[in-house]
Number of protein chains: 2
Amino acid sequence: MAKDPVSRKSELLPGTLEMLILKSLERNSEPMHGYGIALYIKQISREVLRVEEGSLYPALQRLALKGLVHGEWRESDTGRRARYYKLTRAGRKQLMEEVASFEKLLEAILRVVQPA
Amino acid sequence: MAKDPVSRKSELLPGTLEMLILKSLERNSEPMHGYGIALYIKQISREVLRVEEGSLYPALQRLALKGLVHGEWRESDTGRRARYYKLTRAGRKQLMEEVASFEKLLEAILRVVQPA
DNA sequence: AGCATAAGCATAGATTGTCTATGGATGGAA
DNA sequence: TTCCATCCATAGACAATCTATGCTTATGCT
């Protein structure tokens with residue numbers, strides 16, 4: 001008991017996480033580490049989107065496996081070791097496609113949800 | 001081999017199905033059966049959204065269990081037996097909340113995805 | 001008469017993607 | 001010396017969707 005205080009639903013729309021990560025990398029031009037990406041998304045979405053670490057790191061690994069990002073160890077500004085990621089060419093392409101199909105889906109959903 | 005001809009990704013944004021169903025019921029005022037709901041969503045989204053039966057019927061059952069819709073057997077226009085669903089008061093309320101939080105999420109995602 | 005197709009419901013099982021929970025290490029501030 | 005922020009990572013639970021399948025009945029075509 002003593003669970004589920006409000007709602008344990010996901011903080012994001014499932015299926016959008018990888019797109020959000022890729023987009024973050026694109027918009028910042030400088031390579032970013034995972035923690036930084038999480039902060040960035042949280043901040044720019046005005047605290048609405050929160051990316052949990054248990055979702056984030058596996059997602060970054062998937063993206064790296066698929067060759068959409070490239071990661072390497074470096075030292076962060078604060079002196080800790082961190083894995084810095086940047087978009088690959090394939091990642092940039094994939095991002096464009098994902099955004100396009102996301103927007104298409106969105107339009108379709110809004111046609112159902114919002115009165116004409 | 002000989003698989004995965006194009007992309008086996010979902011035809012909708014996961015997490016939006018129940019909202020789409022509830023909204024369909026709201027907009028049609030008359031009770032609808034599952035098959036009709038599927039056709040409606042497909043049509044109004046201009047073929048972009050396709051709701052598979054394997055997703056639809058379990059979703060309707062979940063909604064009924066939660067008391068958000070009420071279903072009863074009737075005879076359809078074409079003379080077959082069909083389960084007709086209508087929104088309950090609770091369902092109407094839930095729908096409003098879901099739409100609101102969906103739109104909030106959307107805004108947040110678009111802030112990340114679309115350049116300021 | 002025979003057959004195909006549309007209308008209609010349903011379940012089982014696989015898969016995917018997220019989450020929670022946990023663990024650990026380090027640096028700086030109180 | 002304690003705490004918090006920074007940073008990574010994995011395991012396991014869980015929810016939601018999909019594919020695949022099976023069934024029934026009415027209508028239309030040939």
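Sequence lines set the chain letters: A, B, ... in the order given, protein chains first and strands last, and positions in each chain run from 1.
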Starting at OH of Tyr85(A) and ending at P of dC7(D), how long is that distance when rounded to a whole Å?
14 Å
note: Glu52(B), atom CD; dT21(D), atom C1'; distance rounded to Å ~ 14 Å
Would you call Glu26(B)-Lys23(B) a salt bridge at under 4.0 Å N-O?
yes
In whole Å, what is the span from the CE atom of Met19(A) to the P atom of dG17(C)?
14 Å
Please give, in whole Å, the distance from dA10(C) P to Tyr35(B) OH?
15 Å
Nearest-Å distance, CG (Leu12(A)) to P (dT20(C))?
11 Å
Does a side-chain N or O of Arg62(B) approach OP1 or OP2 of dT17(D) to a distance below 4.0 Å, or not?
yes
Per nearest nucleotide of DNA chain C, the residue lying toward the 5' end, Tyr84(B) or Leu56(A), is Tyr84(B)
Nearest-nucleotide check on DNA chain C, Arg80(A) vs Glu18(A); residue mapping nearer the 5' end is Glu18(A)
Should we count NZ of Lys66(B) as having more than 12 external heavy atoms under 6.0 Å?
yes
Is Arg83(A) near enough to dT6(D) that one of its side-chain N or O atoms lies under 4.0 angstrom from OP1 or OP2?
no
At what distance, to the nearest 0.5 angstrom, does CG of Leu49(A) lie from CG of Leu105(B)?
6.5 Å
Please check the phosphate of dC8(D) (OP1 and OP2 only) for any side-chain N or O of Gln61(A) closer than 4.0 Å.
no
Provide, to the nearest angstrom, the distance between the CG atom belonging to Leu49(A) and the P atom belonging to dT18(C).
11 Å
May I ask you to say what Thr78(A) touches in the nucleic acid, namely base, sugar-phosphate or nothing, with a heavy-atom cut-off under 4.0 Å?
sugar-phosphate
Applying a 4.0 Å non-hydrogen cut-off, can you work out what Gly54(B) is touching in the nucleic acid: base, sugar-phosphate, or nothing?
base
Can we say Glu18(A) and Arg62(A) salt-bridge, meaning some charged N sits less than 4.0 Å from an Asp/Glu carboxylate O?
yes
Could you tell me how far apart His33(A) (NE2) and dA9(D) (P) are, to the nearest whole angstrom?
12 Å
